[in-house]
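Take a look at the structure set out below.
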Amino acid sequence: MTRRSDHFVLRVDPILCDGFGHCHELAPELVQVDEWGYPIIHDQATSTSELALLKSARLAVRGCPRQALRIERVTSHSETPR
Amino acid sequence: MMRDVTLPRVMWGASGRPLTLREHEMTFGAAKAGAALAGELEASGLMGRGGANFTTSKKVELLRAQRGHHKVLVVNAMEGEPVGHKDRTLLSTNPHLALDGAQYLAALIGARRVAVCVSRKDSAIVHHVQRALHERERRGGGPEFILHTPPWRYVAGEESALVHWLNDNETMPQYRPQRPHVLHVGRSPALVVNAETCAHVGLINRFGAHWFRELGTPSSPGSALVSVSGAVRRPTVLEVALGTPLRSILREAGADPDPLALLTGGYGGAWLDGEHLDAAYSNESLQPLGATVGAGILVVVPRGACGLAETQRIVKWMANESSRQCGPCAFGLPALAEDLGALLHGARDPHGVLVRLKERCSVIQGRGACRHPDGVVRLVASALTVFARHIEDHVSGSPCEALTTPRRWVAVPALEHESELVWE
Ligand code: SF4
Ligand code: SF4
């Protein structure tokens, strides 16, 4: 049994995102870009104990010029709808 | 009065013109108050008929759990699929049955307003609904019905786009991070229900869940409307029991009995190989074959047609119908259409194009704010499986007979602005 909210996923609002790809530069471990420059986000939940990853996720959230990114807390690996 | 279990149900009393309120009540009996509906609705297991394949009672429960007295019920008769005609046919036959269902659902969730949405393109349907609403207004009682006529676009009928229209006159989908998500019109929680679904609710409230389940299968109960077109004598809308073998639906529609393939579900649906005609028409039997009931659409494509050409036309049109809010959809879908065109008409490196097409499909999947791109990806993926051998011929450069004739089977509207497709 895992504790509540001990994992996170980075989520993008595709409508807000304008595809300049700052997030890819700020968090290359979590965000790839497609051929049009829009972010492809690693959709597996990451444990919050991976501090380096959490930190780059936070950097990406703060660095997104459109504020399109959000860190979502999830309970475990399984619960990642879409 | 207890209607016997035979078909038609929602099309009962069809006479080539909409039934008036009096005729409607003589046919189906007077509307009931709807107190017992919640239990009956759940017991009926009714699934929404709009294409999302979601249990109606679950949606209703979600809205019942919302607080406040200003909820809105939205009846969705936008019918964005160019090859779908079921909601239009229903509203030009039994408009009051759908409105009855809407009224019950409104009472159930505690909504005082019902927004009926019909695309303004269908002026005849707008007129029928207007008349029906006038009749109800003269009668008095019930919730306040308001008719809305958004412009016709493929995505305009997507529920968040419809609510967006009601709020801001924009037919664009909205981003919903949490699912299920409660949409709001202004500050009022809104329940969006397909028009055919409403008609079934109208019947369930009169005759009960037990009666409803006497047709259909345990997991897909009841009957459903299907628009059949393509290689048929005449495009029709049929009401069939869910679980009916595809073969008998095609026979009833006067379709080619030995087709190459069927387009199931709609433009955002999937191809089904013509050899699976014995499969039952229900999601549980079609899904393992990669197909879907979707928005109640079957397009019959005969042998000798080119599945790749049919797919390419659909995808090109769907790419143009993207609301272009999300990058992967706005750029990805035209790219898919382009790849399909290259495969169809010959490219310098067709193998490379095929590989790229598959890659692009998996990259685009799931990355839009709505499911528009996912539907297109599903269609393309199913075409790559169902027409694999024929596509192999295209890739290896053998000529395709069908390309020499202008005859195509899936009706696709003309693109308004062809040049807009490359959008940069
Ligand atoms: S930084 Fe923000 S706007 Fe830019 S690509 Fe990433 S998510 Fe999109
Ligand atoms: S996924 Fe496509 S159709 Fe849906 S909101 Fe985004 S751009 Fe519009």
Side-chain angles (χ1 to χ4, degrees), chain A residues 4-46 48 54 57-58 60-82, chain B residues 52 54 155 158 160-161 163-164 167-168 170-181 319 322-339 352-353 355-375 377-378 421-424:
Chain A
R4 237 189 111 247
S5 316
D6 58 354
H7 284 69
F8 73 94
V9 266
L10 194 57
R11 284 202 195 282
V12 61
D13 176 339
I15 294 181
L16 282 180
C17 169
D18 60 7
F20 281 114
H22 294 301
C23 48
H24 171 58
E25 273 157 40
L26 293 168
E29 320 89 313
L30 294 168
V31 184
Q32 249 105 54
V33 282
D34 64 17
E35 57 186 298
W36 307 283
Y38 290 87
I40 303 173
I41 295 177
H42 188 62
D43 60 357
Q44 267 348 210
T46 315
T48 38
L54 186 58
R58 288 206 173 115
V61 170
R62 245 176 269 146
C64 171
R66 301 293 312 255
Q67 307 196 345
L69 291 169
R70 216 160 37 82
I71 292 175
E72 191 173 300
R73 301 286 176 146
V74 290
T75 32
S76 69
H77 299 274
S78 56
E79 281 178 55
T80 45
R82 278 237 294 168
Chain B
F54 202 79
V155 290
E158 201 271 342
S160 71
V163 167
H164 200 176
N167 281 324
D168 303 323
E170 294 252 33
T171 52
M172 296 190 185
Q174 296 163 303
Y175 175 57
R176 287 142 294 166
Q178 252 90 38
R179 299 214 183 206
H181 179 92
S322 157
S323 70
R324 293 172 191 164
Q325 303 186 92
C326 319
C329 177
F331 293 99
L333 300 190
L336 295 185
E338 208 177 292
D339 285 349
V353 172
V355 172
R356 187 175 67 189
L357 176 61
K358 287 179 186 162
E359 264 172 28
R360 281 177 166 169
C361 277
S362 65
V363 161
I364 294 167
Q365 169 73 35
R367 284 178 54 228
C370 75
R371 309 226 181 237
H372 185 66
D374 303 3
V377 164
R378 177 162 67 170
L421 191 53
V422 183
W423 188 71
E424 260 169 296

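Chain identifiers are assigned alphabetically (A, B, ...) following the order of the sequence lines, protein sequences preceding nucleic acid strands; residue numbering begins at 1 within each chain. The analysis underlying the following values was restricted to heavy atoms, covering all of them including side chains, and did not include hydrogens, waters or symmetry mates.
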*Apply the test side chain to side chain contact (heavy atoms under 4.5 Å, CB included) to residues A:Leu10 and A:Val61: give CA-CA distance (whole Å), side-chain angles for both, the deciding distance (0.1 Å), then the verdict.*
CA-CA 9 Å; A:Leu10 194 57; A:Val61 170; 3.8 Å; yes
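- Of the two parts of A:Glu35, only the side chain, counted from C-beta on, holds a non-hydrogen atom closer than 4.5 Å to a non-hydrogen atom of chain B.
- Taking every heavy atom of both residues into account, A:Pro39 and A:Val12 meet most closely at CG-CG2, 4.3 Å.
- Using cut-offs of 30° and 60° on the angle between ring planes, the pair A:Trp36 and B:Phe331 is parallel.
- The most heavy-atom pairs under 4.5 Å with chain A, out of B:Gln365, B:Arg360, B:Gln174, come from B:Arg360.
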*Can B:Ser322 and B:His372 be said to form a side chain to side chain contact (heavy atoms under 4.5 Å, CB included), step by step?*
CA-CA 7 Å; B:Ser322 157; B:His372 185 66; 4.2 Å; yes
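- Heavy-atom pairs under 4.5 Å with chain B peak, among A:Ile41, A:Asp34, A:Leu16, at A:Asp34.
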